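Following: one structure in structure tokens, then a few remarks.
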Amino acid sequence: MEIRTDSRVVNYLKRKIKDSRNIVAVLGIEMIVEGGGYDLDCNDENYRVEEEYGFSPEDMLSTSFFNAKVEKFYRFYKKEILGMEMHSTAAYDALLKLQDQGKLSAVICQNFHGIPQNVHLKNVIDLNGNIKINQCPHCDKAFDIQYIANAKGIPQCDHCKMAIRPGIRLLGERVDSELMTQAAIACDGADILLILGKNMYNDRLEYTTALEREQLKVLFSKNEFECNGKVDFIIRDDICEFLPLIIN
């Protein structure tokens, strides 16, 4: 395993994490990619999706598309979103280790696939919703992923016969204010913010802290052109290889 990050940075982050009492992890799209999924926002996937469906992923993951073309939405959603098979990685093992040490106070998930089933992280804030939660917009009856995935055509409520609403935040919708407040409070109290990849919507949700508090912000990004003055370090290495190195 070859790490690109300077060893001095590695050792510095090790010391800071060892001394920290409150760490918050913000999970981005790279956690999905490293776990076996794919980034629908990258150029190759954008092109592939447009060729197959006639629309971009951004178009189809919008409120207006769901309302106007629900059948096409679900054809895309069932295959491309629910069809991703993700697994745990060494990065999740590292987060579990932080949790066992009593250092990990919250996990803010910006993806709507949530945490892999066999990873038992606590205090997870699903900022953009979760594919596991689906509801009838009329009677609020809940439906699981299997019901959605196995439905022929548009998944409908077995009582109201209405199209079921997936439990994810579609483009054009605001982040739930209660979830945003929880995320902001968690971030404000952290000694260290581990920002593990970009936001799947790329809408630059910012996590700030009071100016008088010292806080270390570490962003993991493969984007060579990424230049973010609001973070202390940008790590280009794979999260699943680097994160275990800095957690004792």
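Just so it is clear, the model here is predicted, and its values are computed rather than measured.
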Side chains of [X] and [Y], heavy atoms from C-beta outward: is any pair under 4.5 Å?
X	Y	value
F65	L170	no
S221	R236	yes
L27	I115	yes
E80	E52	yes
Q215	I192	no
I17	L98	yes
V10	I246	yes
K222	D238	yes

Gap between atom [atom2] of [Y] and atom [atom1] of [X] - 0.5 Å precision:
X	Y	atom1	atom2	answer
Q110	I195	CD	CD1	8.5 Å
E214	D232	CD	CG	9.0 Å
I131	M84	CD1	CE	9.0 Å
E50	E45	CD	CD	12.0 Å
S20	R15	OG	CZ	14.5 Å
L243	L194	CG	CG	6.0 Å

Query raised in the report: Could you walk me through whether E173 and R165 pass the salt bridge (charged side-chain N to carboxylate O under 4.0 Å, His left out) check?
Result: CA-CA 13 Å; E173 297 176 336; R165 178 62 166 77; 2.3 Å; yes
**Report entry** Pair S64, N67: side-chain N/O donor-acceptor within cut-off below 3.5 Å
**Finding:**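 On atom types as modelled, these side chains do not qualify, holding no pair under 3.5 Å.
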Query raised in the report: Are a donor atom and an acceptor atom from the side chains of S56 and N46 found within less than 3.5 Å of each other?
Result: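 Side chains of S56 and N46: no pair found under 3.5 Å.
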Output yes when a side-chain donor or acceptor of [X] lies under 3.5 Å from a complementary backbone atom of [Y], and no otherwise.
X	Y	result
N123	S105	yes
E30	K198	yes
Q101	R21	no
N111	G28	yes

Requested in this report: Verify salt bridge (charged side-chain N to carboxylate O under 4.0 Å, His left out) between R48 and E51, making sure each step is shown before the conclusion.
Outcome: CA-CA 5 Å; R48 178 187 67 79; E51 282 286 294; over 6 Å; no
Query raised in the report: Is it true that K16 and D191 have a side-chain N and a carboxylate O under 4.0 angstrom from each other?
Result: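 Looking at K16 and D191, the cut-off is not met.
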Side-chain polar contacts of residues 68-78 - donor-acceptor pairs under 3.5 angstrom, sequence neighbours left out - could you list them?
{"from": "Y74", "atom 1": "OH", "to": "I164", "atom 2": "O", "distance (Å)": "2.5"}
{"from": "K78", "atom 1": "NZ", "to": "A151", "atom 2": "O", "distance (Å)": "2.7"}
{"from": "K78", "atom 1": "NZ", "to": "G153", "atom 2": "O", "distance (Å)": "2.7"}

Show me the side-chain donor-acceptor pairs of residues 137-149 shorter than 3.5 Å, one per line, residues at least two apart or across chains.
{"from": "K141", "atom 1": "NZ", "to": "D158", "atom 2": "OD1", "distance (Å)": "2.8"}
{"from": "K141", "atom 1": "NZ", "to": "D158", "atom 2": "OD2", "distance (Å)": "3.0"}
{"from": "D144", "atom 1": "OD1", "to": "Q146", "atom 2": "N", "distance (Å)": "3.3"}
{"from": "D144", "atom 1": "OD1", "to": "Y147", "atom 2": "N", "distance (Å)": "2.9"}
{"from": "Y147", "atom 1": "OH", "to": "Q156", "atom 2": "O", "distance (Å)": "2.8"}

Requested in this report: Output all residues satisfying side chain to side chain contact (heavy atoms under 4.5 Å, CB included) with D237, sequence neighbours left out; order by chain, then residue number.
Outcome: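 Listed in chain order: I3, R4, T5, I235, F242.
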